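I have placed the structure first, in the form of structure tokens, so that the comments after it can refer back to it.
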Amino acid sequence: MAIETEIKLQTTLEGLQALRQSTVVAKLQKDTAWQTKQLNNQYFDTPDCRLAHSAVALRIRQDGQQLIQTLKTRGQSVAGLAARNEWEWPLTSEQLDLTRLDDSCWPIELNDLDKTQLQPIFRTDFSRELLELAFDYEGQPVVIELALDQGQVTTAQGSEAICEVELELRQGPAVALLIVAQQLAAEVVLLPFDVSKAERGYRLLGAEHYALRLAKLQLTQEQNLDQTIAACSGYLLGNSQRLAEHYRFTGQWKLFEQWLQQVAHLKAFLSSLGLAAPRKTTAHLRQQLESFIAQWQSQNQAGTQQQSVREQVAASFNEWLQQPAWGQFVLAMALWIEQLAWQVGRNAKGQRQGQALLVNWLSHFLQDELQALSVTDYLREPQRINEQQPRLARILVWLELAREQLPLAEIDQLLGSLRAIYSLSQTTEQWPSAEAAVASDELEQVVMTPAAQLIERLIELRRLSAWKQLVK
């Protein structure tokens, strides 16, 4: 078994041509000439796609005169940088060697599968141009294989063009892949892309054979804040990237809403870290996130009301992904995570915060933020609650991510109340005045005004055990 570490990037035919003439490639290339080969791949699965549902890919690849059987399992991926388990076996014919699929590699959840049911299901055939890049990174030799892939994914239901760049690590630290990818993305529009060619085949087969898999966040009370920052930022970035790509493919409106929410969560998260991540270390990322939110928020609001707007947004979003901004941001954020860049230049107090246990830091953070919320002020002047949107966003993102680490009663109710208050805070410009409501002579309308709903939610908030424990 080998562990394959690579980063996959989507581009265009023009992008591939530009990379052949790239100054970055010319500077780093180890060999003077590109090598070209044709790779023809037949993928196998059961009729009901059991392998796909277990995130397993099985193929036979023809590489010149060689036939190679490969089994891959899905690993962790952020910004297209992926580490996967991979097994390969040479073959003498185009028939699967089922004896190789034993307990040493075969996933436990597929033990009941009758392997004789495995059959050809789709193909990926493409031309690959290869070049080795070599350089030193902080005294370590790095060797990276650059591959330019152009071809087709073909299924019985349809086909899709392949136009991809892969950077595979041969020697050195994984961060080197992100550094090279970022340098290339400064010259050519490249979009980090963690949907494998196999997944693209299944996606073409239909929704019953492919489901969007978002990452799962696993935190423990033993983690310190620095470890939590890396885990949470990678989780939010990875999910926003996958949502963007799947929305581009399907045009499903809920995916756009979820993507925009993840972007907003990421901005709030970076804004919440205090001295553990000095603001100068996150400023460039927060500014880009703010620009994305400003660009798409009004369209999100309009699309909630009108189907025609949703269709326009889908087309605009697809065009936007073909511009450099999103791809460059994803790579910059991934590099920030990989290099632990928030730790650079922080003071002694910031160092102590970074090393603090998550549960201790989070309790103090929520206590400070909830006390500063000044609920009593907004009971008297509910219209002003919009002032608290940034604070509410910071509180909410941590409750969304890490509330299970807090030993507090009614913590889910606390999250629900704060969600409702945040939602109301975003609508204050549309609130009718109390005078207008009274003038309408509709008592029920007066009772149910947004201001009245907010007051009710604030009173409910103060009665919760979790609130009382945090705001002592």
Side-chain angles (χ1 to χ4, degrees), residues 8-10 12 39-61 69-75 77 80 82 84 94 96 101 106-107 109-110 112-126 149-164 166 191-216 238-259 262 303 307 310-319 321-322:
K8 189 186 300 291
L9 304 150
Q10 198 172 40
T12 61
L39 300 175
N40 299 321
N41 306 275
Q42 178 67 66
Y43 283 82
F44 296 82
D45 208 330
T46 60
D48 57 353
C49 293
R50 283 282 306 280
L51 269 61
H53 295 310
S54 294
V56 173
L58 177 64
R59 75 179 183 219
I60 292 178
R61 166 172 286 179
Q69 178 174 303
T70 303
L71 180 72
K72 290 188 181 186
T73 59
R74 185 174 180 85
S77 177
R84 299 181 176 93
E94 295 183 6
L96 283 174
L101 306 178
W106 196 245
E109 64 268 25
L110 294 175
D112 65 332
L113 182 127
D114 180 1
K115 297 185 182 71
T116 62
Q117 292 186 1
L118 293 169
Q119 62 185 35
I121 195 161
F122 61 82
R123 298 189 60 85
T124 67
D125 301 317
F126 54 93
D149 293 345
Q150 182 180 344
Q152 204 83 1
V153 182
T154 307
T155 74
Q157 282 71 26
S159 63
E160 185 175 288
I162 295 171
C163 204
E164 297 175 357
E166 289 187 6
L191 185 66
F193 184 70
D194 67 354
V195 180
S196 68
K197 295 179 179 68
E199 288 177 286
R200 293 174 72 178
Y202 284 113
R203 194 166 66 174
L204 285 168
L205 288 174
E208 66 274 21
H209 301 306
Y210 179 84
L212 173 64
R213 290 186 176 92
L214 296 180
K216 294 183 179 179
N239 281 351
S240 65
Q241 177 203 353
R242 280 181 278 277
L243 285 163
E245 162 55 26
H246 206 53
Y247 174 59
R248 180 203 66 80
F249 182 78
T250 66
Q252 294 177 6
W253 182 252
K254 68 176 182 179
L255 297 175
F256 173 74
E257 293 178 313
Q258 292 170 1
W259 170 79
Q262 291 292 299
Q307 176 63 32
R310 297 183 188 188
E311 295 170 359
Q312 294 169 9
V313 171
S316 298
F317 193 83
N318 191 21
E319 292 176 5
L321 288 182
Q322 296 173 43

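All figures in this text were calculated on a predicted structure; none of them were measured in a lab. All values below were derived from every heavy atom in this structure, side-chain atoms included, with hydrogens, water molecules and symmetry-related copies excluded.
Two residues are said to be in side-chain contact when any heavy atoms from C-beta on lie closer than 4.5 Å; Phe44 and Leu51 fail this criterion. Between Leu110 and Leu101, every side-chain heavy-atom pair lies at or beyond the 4.5 Å cut-off. Within the 4.5 Å cutoff, side-chain heavy atoms of Thr46 are placed close to those of Leu118. The shortest side-chain heavy-atom distance between Glu164 and Phe126 does not fall under the 4.5 Å cut-off. The side-chain heavy atoms of Arg200 and Ile162, taken from C-beta on, include a pair separated by under 4.5 Å. Side-chain contact between Thr124 and Leu39 is absent, with no heavy atoms from C-beta onward closer than 4.5 Å. When side chains are defined from C-beta on, Lys197 counts as touching Lys8, because their heavy atoms get closer than 4.5 Å.
Of the N and O atoms on the side chains of Ser159 and Gln152, at least one donor lies less than 3.5 Å from an acceptor on the other residue.
To the nearest 0.5 Å, atom CZ of residue Arg50 and atom CG of residue Asp112 are 4.5 Å apart. We find the CG-CZ distance between Leu243 and Arg248 to be 13.5 Å, quoted to the nearest 0.5 Å. Between the CG atom in Leu58 and the CH2 atom in Trp106 there is a gap of 6.0 Å [rounded to 0.5 Å]. Separation of atoms CD (Glu160) and OG1 (Thr154) is listed at 10.5 Å; rounding is to 0.5 Å. Taking CZ of Arg203 as the start and NE2 of His246 as the end, the distance is 7.0 Å to the nearest 0.5 Å. The line from CZ of Phe122 to CG of Asp45 is 8.0 Å long, rounded to the nearest 0.5 Å.
With salt bridges taken as basic N to acidic carboxylate O contacts below 4.0 Å, none links Arg242 and Glu245. Taking the charged nitrogens against the carboxylate oxygens, Asp194 and Arg213 have no contact shorter than 4.0 Å, which rules out a salt bridge.
Panel note: side chain Arg310, backbone Gly303; a donor-acceptor pair is recorded below 3.5 Å. Judged by distance alone, the side chain of Asp125 and the main-chain N or O of Gly151 form no donor-acceptor pair under 3.5 Å.
Here the closest non-hydrogen pair linking Pro192 and Gln241 is O-NE2, 3.2 Å. Taking every heavy atom of both residues into account, His209 and Cys49 meet most closely at ND1-SG, 3.2 Å. Shown here for Ile60 and Glu94, the closest heavy-atom pair between the two residues is CD1-O, 3.4 Å. Nearest heavy atom pair, residue Ser54 against residue Glu109, reads OG-CG, 3.5 Å.
Checking each of Thr155, Asn41, Asn40 against Arg123 for a side chain to side chain contact (heavy atoms under 4.5 Å, CB included) leaves exactly one that passes, namely Asn40.
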Task: side chain to side chain contact (heavy atoms under 4.5 Å, CB included) assessment of Gln157 paired with Leu205 - done: CA-CA 6 Å; Gln157 282 71 26; Leu205 288 174; 3.0 Å; yes
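Taking the six-membered ring where tryptophan is involved, the planes of Phe317 and Tyr247 are perpendicular, since the angle between them exceeds 60° and thus also 30°.
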